Structures are given as C-alpha cells and as structure tokens.
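This report refers to the structure that appears directly beneath it.
Bear in mind the structure is a predicted one, so any value in this text is a computation, not a measurement. Heavy atoms only: backbone and side chains are in, while hydrogens, waters and symmetry mates are out.
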Amino acid sequence: HSFPTRRSSDLNDWRLVCKSEPKRFAVLRCPVCSTCRIDPPRLVDEAEAEGFYTEYYETTCPDASVSPPRSSRRGPFWRIADRLPQLLTASGPIAEIGSGDGHRCAQLKDAGWPRVIGFELSKSRAAGAQRRYPDIEIYDSTLQQSKLPPASLQIVLMEAVIEHLPNPLEQTCAIASFLRPGGFFVL
C-alpha cells in the first residue's frame with residue numbers, strides 16, 4: 001500500500017479523522033491499512049511550498065476574511081515568554097518564520113521589539129501583511145533567501161511551521177545560523 005500524492009485521486013478513499021477550523025488542515029486515515037497522515041501531504045521542496053501555500057490561502061482564507069487578533073498576548077509564544085522572562089527582555093531583532101497575516105509580528109512590535117521581521121512563503125498572505133502593517137518588514141521568502149547576515153537575530157520564532165517543512169532538520173539548522181550567540185529559537 002502506498003501513500004497517495006497530493007494530486008492523486010486516491011485521496012478520495014482516505015477518511016477524515018480530525019480537521020482544524022476554519023478550512024485548515026486535516027488528519028486522514030487510510031481505509032486499507034489505518035495509517036494516518038496530514039492533509040495536505042508533506043511538501044517536497046520550498047518551491048512547491050511557496051506555490052501550494054499561496055494558492056491554498058488565496059482559496060481558503062481570502063485577505064478580506066482575515067480579522068486582527070483579539071489580544072496582544074495570546075498564543076503559545078506568549079505562554080513560553082511568561083515562563084522564560086529572558087524572551088521579553090531581548091532587545092535585538094526578532095524574526096517570525098511563517099508570519100502569515102502579520103498579526104503576531106504586530107504584537108511583537110507593540111510589545112517593544114525595535115525590529116520585527118516576518119517571513120511568509122504565501123505571496124498573497126505576505127502581501128496582505130505588508131498592506132496591513134506597513135511599519136513591519138514582511139518578506140515573501142525564506143529567512144535563508146534574505147539578505148540578513150548570519151548571527152544577526154536575537155530571537156527566531158517558528159510556531160506551527162516545522163511540520164510543514166520539506167526537510168525540518170536541515171532547515172532548522174540553517175535558520176539557527178541566523179541567531180546571535182545566546183539567542184533564542186522558539187519552536
């Protein structure tokens with residue numbers, strides 16, 4: 001039994017086990033062997049990821065439907081920061097990998113970080129974030145493709161992204177090279 005590809009008609013045979021809302025990602029179970037996998041399947045490379053996420057967010061989450069965050073201190077990063085106060089005293093640049101609509105970048109800017117940089121592969125989401133938050137650097141590329149020098153960031157934040165990386169170990173090592181000595185990589 002083999003795993004279907006993203007474009008395979010075999011996907012219709014897989015059964016939904018769990019789905020996040022609204023219209024996000026799902027867990028599917030094979031009716032033949034009961035193996036579970038995420039939907040969409042893991043992406044093969046960054047070029048495929050860029051195209052997929054641009055199309056995905058344009059069709060499932062149009063820019064007009066994006067609403068600003070309800071609170072400036074919600075989510076896993078803030079819970080971690082409450083337990084690790086050094087994160088809140090960092091004064092160097094902070095980068096968010098998978099910055100989406102830019103809301104967390106705006107929260108970080110409002111919390112006092114002097115330089116906040118977002119990286120989002122979805123061209124449409126990055127463009128929306130740039131329009132919404134013109135005072136924040138948002139790039140529609142990877143950190144590795146940026147012109148930032150190695151060891152230039154105090155914090156790298158990557159929340160709910162690692163499971164989408166084509167090669168997580170290689171990419172997290174490459175991303176970590178952008179941290180200053182004593183910097184933080186928050187996954």
Side-chain angles (χ1 to χ4, degrees), residues 20 22-25 40 43 45-81 87-88 90-168 171-180 183-187:
S20 65
K23 299 180 186 173
R24 299 285 177 154
F25 299 92
L43 299 164
D45 57 37
E46 287 177 5
E48 182 184 18
E50 179 184 310
F52 172 79
Y53 286 111
T54 296
E55 179 183 340
Y56 178 82
Y57 285 108
E58 283 176 351
T59 58
T60 63
C61 303
D63 191 49
S65 69
V66 175
S67 58
R70 293 183 298 237
S71 169
S72 64
R73 292 197 43 109
R74 287 187 114 156
F77 172 76
W78 297 108
R79 288 192 296 276
I80 292 168
L87 288 176
L88 299 175
S91 59
I94 182 171
E96 181 180 18
I97 310 298
S99 57
D101 299 309
H103 299 318
R104 187 169 11 270
C105 287
Q107 293 171 359
L108 295 166
K109 187 80 167 172
D110 290 346
W113 271 274
R115 185 173 183 202
V116 178
I117 309 161
F119 293 92
E120 173 56 52
L121 283 182
S122 167
K123 303 280 187 205
S124 55
R125 288 187 95 193
Q130 289 166 341
R131 281 191 306 276
R132 201 173 288 107
Y133 304 110
D135 60 327
I136 297 173
E137 298 173 62
I138 306 280
Y139 298 98
D140 59 0
S141 65
T142 65
L143 173 58
Q144 299 91 307
Q145 294 167 333
S146 76
K147 295 180 183 188
L148 289 174
S152 60
L153 298 169
Q154 183 70 36
I155 299 174
V156 173
L157 169 60
M158 192 167 77
E159 183 181 311
V161 171
I162 197 165
E163 65 272 21
H164 302 284
L165 297 177
N167 187 339
Q171 290 173 299
T172 52
C173 289
I175 291 166
S177 72
F178 286 88
L179 285 171
R180 293 176 176 173
F184 297 95
F185 196 160
V186 182
L187 296 173

message: Within the structure provided, determine whether Y133 and I138 are in side-chain contact (heavy-atom separation under 4.5 Å).
response: no
Separation between CD1 (I80) and CG (L88), nearest 0.5 Å, reads 11.5 Å
One should read off an interatomic distance between C105 SG and Q130 CD, to the nearest 0.5 angstrom, of 11.0 Å
The reported gap from CD1 in I175 to OG1 in T142 (rounded to nearest 0.5 angstrom) is 8.0 Å
For P93 and R180, the nearest pair of non-hydrogen atoms, with its separation, is CD-NH2, 3.3 Å
Sorted by chain and number, sequence neighbours left out, side-chain contact (heavy atoms from CB on, under 4.5 Å) with A111 holds for W78, W113
message = Evaluate L153 against I94 for side chain to side chain contact (heavy atoms under 4.5 Å, CB included), listing each step before the verdict.
response = CA-CA 6 Å; L153 298 169; I94 182 171; over 6 Å; no
- Query: Any side-chain heavy atom of L143 sitting closer than 4.5 Å to one from I97?
  - Reply: yes
Taken to the nearest 0.5 Å, the spacing of S122 OG from D140 CG works out to 9.0 Å
query = Within a strict 4.5 Å, meaning less than it, do heavy atoms of the V116 and E96 side chains meet?
reply = no
Exercise. Return yes if some donor-acceptor pair links the side-chain N/O of K109 with the main-chain N/O of I136 below 3.5 Å, else return no.
Key: no
Those residues at least two apart in sequence (or on a different chain) that pass salt bridge (charged side-chain N to carboxylate O under 4.0 Å, His left out) with R115 are E137
In short, salt bridge (Lys or Arg N to Asp or Glu O under 4.0 Å) pairs touching residues 149-161 with sequence neighbours left out are R104-E159
Exercise. Decide side chain to side chain contact (heavy atoms under 4.5 Å, CB included) for L148 and F178; before the verdict, give the C-alpha distance in whole Å, the side-chain angles of both, and the deciding distance to 0.1 Å.
Key: CA-CA 8 Å; L148 289 174; F178 286 88; 4.2 Å; yes
Between the CD atom in Q144 and the OG atom in S177, the distance rounded to the nearest 0.5 Å is 7.5 Å
Sequence neighbours excluded, the answer for side-chain contact (heavy atoms from CB on, under 4.5 Å) partners of L187 is M158, I162, F185
For this session: Could you check if a side-chain atom of F77 sits within less than 4.5 angstrom of a side-chain atom of L108, using non-hydrogen atoms only?
Result: yes
Smallest heavy-atom separation, L87 atom then I155 atom, equals O-CD1, 3.7 Å
Hits for ring-ring contact (aromatic ring centres under 6.0 Å, His included) against Y139, two or more places apart or cross-chain, chain-then-number order -> F119
CG of D101 to OG of S124, rounded to nearest 0.5 Å, is 9.0 Å
T172 meets the side chain to side chain donor-acceptor pair (under 3.5 Å) criterion, sequence neighbours left out, with none
Give a yes or no on whether the backbone of S141 and the side-chain of Q145 come within a donor-acceptor separation of less than 3.5 Å. no
